[in-house]
Amino acid sequence: MKNILQAFVVAFSMYSKIPMPQIEWKRDNMKYSFCFFPLIGAVIGLLIWLWSLLCVQLGFGNILFAAVAVLLSVLLTGGIHLDGFCDTMDALGSHQTVERKLEILKDSHTGAFAMIGCVLLLLLDFALFAQLGADSPLLPVVCTGFVLSRVLSGLAVVAFRCAKNSGLLSAFSDAAEKKRVGIVLAAEGVACAVLMLSLHLYGGLFCLLGAAVAFAYYRFMSYRQFGGITGDLAGFFLQSAELLTAAGAVICLAIFY
């Protein structure tokens with residue numbers, strides 16, 4: 001039980017800015033940490049949903065709603081996934097060899113492709129939330145997508161090959177009790193899918209399709225361009241999955257409403 005509680009703390013300490021007790025990271029308390037990774041998405045989704053209720057109650061417009069919704073996601077994660085997205089954009093934009101791209105991922109400097117990609121991502125994210133609006137019937141589905149994206153990210157860690165034997169993601173992958181973690185994450189993924197479909201059948205289908213497209217591209221791009229996944233590529237996937245989930249909801253609204 002102690003290791004399970006510590007795995008929860010490790011997950012939230014690494015992938016969120018939510019205050020947690022300081023503990024020593026060891027193999028024993030890291031092996032189940034990805035089981036709790038989706039809970040961070042649950043916190044983000046819940047806060048965005050509560051913010052939407054407040055916006056409706058106080059009559060705030062969709063622009064303010066969308067701006068704070070995007071801000072909440074970045075603040076609660078500390079931008080760790082956005083940082084990975086930016087590094088990946090720089091590496092992909094370089095059109096270099098696999099080895100050179102992996103070096104660019106580790107480079108702490110921010111290049112032009114990272115800046116361009118970051119601006120476009122945040123702009124699209126903002127536009128999609130603004131298009132949805134605070135009172136959208138599909139917003140709870142999109143909020144659940146923050147959980148699903150982390151479920152899929154965790155499944156990739158235990159199922160996909162790593163591009164290198166060093167780095168934080170490799171350490172988590174090596175420490176993970178992969179079979180058990182995979183079973184837990186798969187169960188969480190099924191629960192997410194059922195919840196999204198029960199909240200809104202067509203909206204759930206479109207959002208699940210968006211997440212599936214992001215996941216398929218993540219696997220294809222990572223293997224083709226980098227020889228496997230890394231922590232930065234995982235951040236790229238998470239941002240892409242959340243963007244495409246929201247896009248799926250907006251497309252559904254355009255078709256059926």
Side-chain angles (χ1 to χ4, degrees), residues 34-35 37-53 55-56 62 65-66 69-70 72-73 77 81 85 120-160 181-222 229 233-257:
F34 268 99
C35 295
F37 184 35
L39 294 182
I40 301 171
V43 173
I44 296 171
L46 177 62
L47 288 179
I48 291 176
W49 179 67
L50 291 174
W51 166 241
S52 73
L53 296 180
C55 287
V56 171
N62 287 337
F65 161 69
V70 174
L72 282 172
S73 177
T77 61
H81 308 301
F85 176 89
L120 292 178
L121 175 73
L122 294 176
L123 182 61
L124 282 172
D125 233 352
F126 169 79
L128 290 169
F129 272 109
Q131 187 70 26
L132 277 172
D135 59 349
S136 171
L138 269 63
L139 183 62
V141 182
V142 174
C143 289
T144 307
F146 286 94
V147 183
L148 181 62
S149 64
R150 285 160 176 78
V151 168
L152 295 175
S153 182
L155 284 172
V157 170
V158 300
F160 294 175
V181 171
I183 291 172
V184 172
L185 287 170
E188 292 174 345
V190 170
C192 279
V194 170
L195 178 58
M196 293 168 82
L197 292 171
S198 63
L199 287 169
H200 195 286
L201 179 59
Y202 294 119
L205 285 171
F206 274 79
C207 289
L208 287 170
L209 179 61
V213 169
F215 192 63
Y217 178 72
Y218 174 38
R219 203 273 186 189
F220 171 78
M221 180 272 290
S222 298
I229 64 172
L233 296 177
F236 174 88
F237 161 70
L238 206 67
Q239 297 291 164
S240 301
E242 291 168 1
L243 184 73
L244 290 183
T245 298
V250 169
I251 293 171
C252 180
L253 283 175
I255 294 174
F256 294 103
Y257 288 87

Starting at [atom1] of [X], measure out to [atom2] of [Y] and round the result to the nearest 0.5 Å.
X	Y	atom1	atom2	result
I251	L209	CD1	CG	8.5 Å
I183	L155	CD1	CG	11.5 Å
L152	L185	CG	CG	9.0 Å

[X] and [Y]: which non-hydrogen atoms are nearest, and at how many Å?
X	Y	answer
L138	A249	CD2-O, 3.3 Å
E188	C35	OE2-O, 2.9 Å
A211	T245	CB-OG1, 4.0 Å
C55	A134	CB-CB, 3.9 Å

Side chains of [X] and [Y]: closer than 4.5 Å at any heavy-atom pair?
X	Y	answer
M221	L233	yes
L148	L208	yes
H81	F236	no

Just grab all the side chain to side chain donor-acceptor pair (under 3.5 Å) pairs involving residues 134-143, residues at least two apart or on different chains.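 The answer is none; no pair qualifies.
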
Pairs satisfying side chain to side chain donor-acceptor pair (under 3.5 Å), at least one member in residues 189-211, at least two apart: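 Checked against side chain to side chain donor-acceptor pair (under 3.5 Å) - neighbours excluded - the pairs reaching residues 189-211 are H200-Y257.
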
Testing L244, T144, L243, L238 one by one against S149 for a side chain to side chain contact (heavy atoms under 4.5 Å, CB included), which residue passes? L238

Evaluate the criterion side-chain contact (heavy atoms from CB on, under 4.5 Å) for residue pair I40 and F146; output intermediate values, then yes/no. CA-CA 8 Å; I40 301 171; F146 286 94; over 6 Å; no

With sequence neighbours left out, write down each residue that passes salt bridge (charged side-chain N to carboxylate O under 4.0 Å, His left out) with E242, or none if nothing qualifies. R150

Fit a plane to each ring of F37 and F34, take the angle between them on a 0 to 90° scale, and name the class: parallel (under 30°), tilted (30 to 60°) or perpendicular (over 60°).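 Rings of F37 and F34: perpendicular, as their planes differ by over 60°.
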
Mind running side-chain contact (heavy atoms from CB on, under 4.5 Å) on T77 and I44 for me, showing each step along the way? CA-CA 9 Å; T77 61; I44 296 171; 3.7 Å; yes

Ring pair (Phe, Tyr, Trp, His ring centres under 6.0 Å) against F237, all qualifying residues, sequence neighbours excluded: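 With sequence neighbours excluded, F237 shows a ring pair (Phe, Tyr, Trp, His ring centres under 6.0 Å) to F215, Y218, given in chain and number order.
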
Side chain to side chain contact (heavy atoms under 4.5 Å, CB included) partners for V70, two or more places apart: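 Here the qualifying residues are L122, D125, F126, F129.
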
With sequence neighbours excluded, tell me which residues meet side chain to side chain contact (heavy atoms under 4.5 Å, CB included) with V190.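 With sequence neighbours excluded, V190 shows a side chain to side chain contact (heavy atoms under 4.5 Å, CB included) to V194, given in chain and number order.
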
Would a distance-only check, ignoring hydrogens and angles, find a side-chain to backbone donor-acceptor pair under 3.5 Å from W49 to C143?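 It does not hold such a pair.
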
Run S52 and F65 through side-chain contact (heavy atoms from CB on, under 4.5 Å) and show every step you take. CA-CA 7 Å; S52 73; F65 161 69; 3.6 Å; yes

